[in-house]
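Below is one structure, written out as structure tokens; the observations come after it.
Just so it is clear: chains get the letters A, B, ... in the order the sequence lines come, proteins before strands, and each one is counted from 1. Everything numeric in this text was worked out from a predicted model, so none of it was measured.
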2 protein chains.
Amino acid sequence: MSQPRRLLPSMPLLAAFEAAARHRSISAAAGELALTQGAVSRQVKALETQLGVRLIERRRHGIALTPQGLAFADDVRAVLALLADATGRLGQN
Amino acid sequence: MSQPRRLLPSMPLLAAFEAAARHRSISAAAGELALTQGAVSRQVKALETQLGVRLIERRRHGIALTPQGLAFADDVRAVLALLADATGRLGQN
DNA sequence: TAGTCTTACGACTTGCGTAATTATT
DNA sequence: AATAATTACGCAAGTCGTAAGACTA
């Protein structure tokens, strides 16, 4: 049977989560992405809601990753890198 | 120097192009994705505009891929597969 | 007080269906 | 006629900044 094609999370959500995971900080991620704290906070939450999985734990200062968040962050990093490479190769022609 | 982070094409654009490339047909891609012909046509065009690269050649019946389109389709397929795997792994917990 | 995350609100951007058009067989 | 791709139009959904709030050191 062909899978119903699970609907994939949007690019901004993935980028926001990846940056937040790497910095262990919503506000640092916002700085890097040139967005506001609020935007990144919403995006990470939206991603968790879509996936039905808790990815980060909200802490007093900064954030911590859940085990699932840790694994997913690595995967997302690979996805973004692969895509960046692909578009990069197109550009230089 | 850190790259200004080239802005990545959105997920619907990538999915539409990948399906169109695989089927060599806009309308077949639309069928698979449960979208209209018009939507897929616009998305492929938007992707080409964003990337500044021609990916498909419009033909009398169906479409053909440019060399760049062919290479990019493979890359996009890998990206989507990687992401689908990643989200799939999250689900089964 | 300063640093952090969250969230309601409104504006803007993106994605999409409808439906008309063009072109090919 | 049937099949395939494109596009103008309007609506729906997604994204974002602002601004206010809560919590901690």
Side-chain angles (χ1 to χ4, degrees), chain A residues 4-66 69-70 73 76 80 83 87, chain B residues 4-66 69 73 76 79-80 83 87:
Chain A
R5 166 93 74 175
R6 180 193 320 272
L7 89 163
L8 303 172
S10 75
M11 214 52 93
L13 267 47
L14 295 176
F17 168 66
E18 189 282 327
R22 178 158 33 82
H23 289 288
R24 297 291 194 280
S25 159
I26 298 287
S27 45
E32 174 181 315
L33 300 173
L35 298 177
T36 60
Q37 292 183 336
V40 175
S41 174
R42 280 187 309 247
Q43 287 170 329
V44 173
K45 181 179 182 177
L47 183 60
E48 289 180 312
T49 300
Q50 278 188 23
L51 298 174
V53 174
R54 179 150 299 276
L55 299 170
I56 70 175
E57 285 172 11
R58 280 73 180 172
R59 291 287 170 77
R60 36 246 144 240
H61 245 224
I63 60 178
L65 294 179
T66 64
L70 206 50
V76 170
L80 296 179
L83 183 54
T87 59
Chain B
R5 166 89 77 172
R6 179 194 320 272
L7 87 163
L8 303 173
S10 76
M11 213 55 90
L13 267 49
L14 295 176
F17 168 65
E18 190 281 326
R22 177 158 35 83
H23 286 106
R24 298 291 194 277
S25 157
I26 298 287
S27 45
E32 175 181 317
L33 300 172
L35 298 177
T36 60
Q37 292 182 336
V40 175
S41 173
R42 280 187 310 246
Q43 286 169 328
V44 173
K45 182 179 182 179
L47 183 59
E48 291 179 312
T49 300
Q50 278 187 24
L51 298 173
V53 175
R54 181 152 296 277
L55 299 171
I56 71 175
E57 286 172 11
R58 279 73 179 171
R59 289 286 170 78
R60 36 242 147 243
H61 245 223
I63 59 177
L65 293 180
T66 65
V76 170
V79 167
L80 295 180
L83 183 54
T87 59

Notebook entry, point to check: Quick one: B:I26 CD1 to C:dT22 P, roughly how many Å, whole number?
Noted result: 20 Å
Check: Closest approach of B:Q37 and B:I26, non-hydrogen atoms and distance?
Finding: O-CG2, 3.7 Å
Checklist line | Nucleotide C:dG3, atom C1' - distance to NE2 of A:H23 in whole Å | finding: 17 Å
Check: Does the side chain to side chain contact (heavy atoms under 4.5 Å, CB included) test come out yes or no for B:I63 and B:V44, once each step is laid out?
Finding: CA-CA 11 Å; B:I63 59 177; B:V44 173; over 6 Å; no
Check: Atom CE of B:M11 and atom P of C:dT13: how far apart are they, to the nearest Å?
Finding: 22 Å
Margin query: At less than 3.5 Å, do the side-chain atoms of A:R42 and the base atoms of D:dG14 form a donor-acceptor pair?
Written below: no
Next item on the list: Could you pull out the closest heavy-atom pair between B:A16 and B:A29, with the gap in Å?
Entry: O-CB, 4.4 Å
Check: Which distance, rounded to the nearest 0.5 Å, do you find between the CG of A:L7 and the CG of B:L33?
Finding: 12.0 Å
Notebook entry, point to check: Expressed in angstrom and rounded to an integer, what is the separation of B:I63 atom CD1 from C:dA23 atom P?
Noted result: 19 Å
Item checked: Taking every non-hydrogen atom, the tightest pair across A:L13 and A:A46 -> CD2-CB, 4.1 Å
Note to self: Please report the distance, rounded to the nearest Å, between CZ in B:R24 and C1' in D:dA5.
What the structure shows: 17 Å
Next item on the list: Rounded off to whole Å, could you give me the NE2-to-P distance for the A:H61 and D:dA22 pair?
Entry: 18 Å
Next item on the list: Considering just the side-chain nitrogens and oxygens of B:S10, establish if one lies under 4.0 Å of OP1 or OP2 belonging to C:dT14.
Entry: no
Next item on the list: May I ask you to say what A:R59 touches in the nucleic acid, namely base, sugar-phosphate or nothing, with a heavy-atom cut-off under 4.0 Å?
Entry: nothing
Next item on the list: Could you state the atom-to-atom distance from CG of A:L8 to P of C:dG15 in whole Å?
Entry: 14 Å
Next item on the list: Can you figure out which of C:dT7, D:dT15, C:dG17 approaches the side chain of A:P12 most closely?
Entry: D:dT15
Next item on the list: Would you classify A:S27 as touching base, sugar-phosphate or nothing, given that sugar-phosphate means primed atoms plus P, OP1 and OP2, and contacts are heavy atoms under 4.0 Å?
Entry: sugar-phosphate
Check: Between B:Q37 (CD) and C:dT21 (P), how many Å, whole number?
Finding: 16 Å
Item checked: Residue B:S41, side-chain atoms from C-beta onward, closest of C:dG17, D:dT6, C:dT6 -> D:dT6
Notebook entry, point to check: When we call it a touch if two heavy atoms are under 4.0 Å apart, what does A:L13 touch: a base, just sugar-phosphate, or nothing?
Noted result: sugar-phosphate
Notebook entry, point to check: Counting only side-chain N and O atoms of A:K45, is one of them less than 4.0 Å from OP1 or OP2 of C:dT6?
Noted result: no
Note to self: Classify A:A28 by what it touches in the nucleic acid, base, sugar-phosphate, or nothing, heavy-atom distance under 4.0 Å.
What the structure shows: nothing
Note to self: At 4.0 Å (heavy atoms only), tell me whether B:A34 reaches a base, stays on the sugar-phosphate, or touches nothing.
What the structure shows: sugar-phosphate
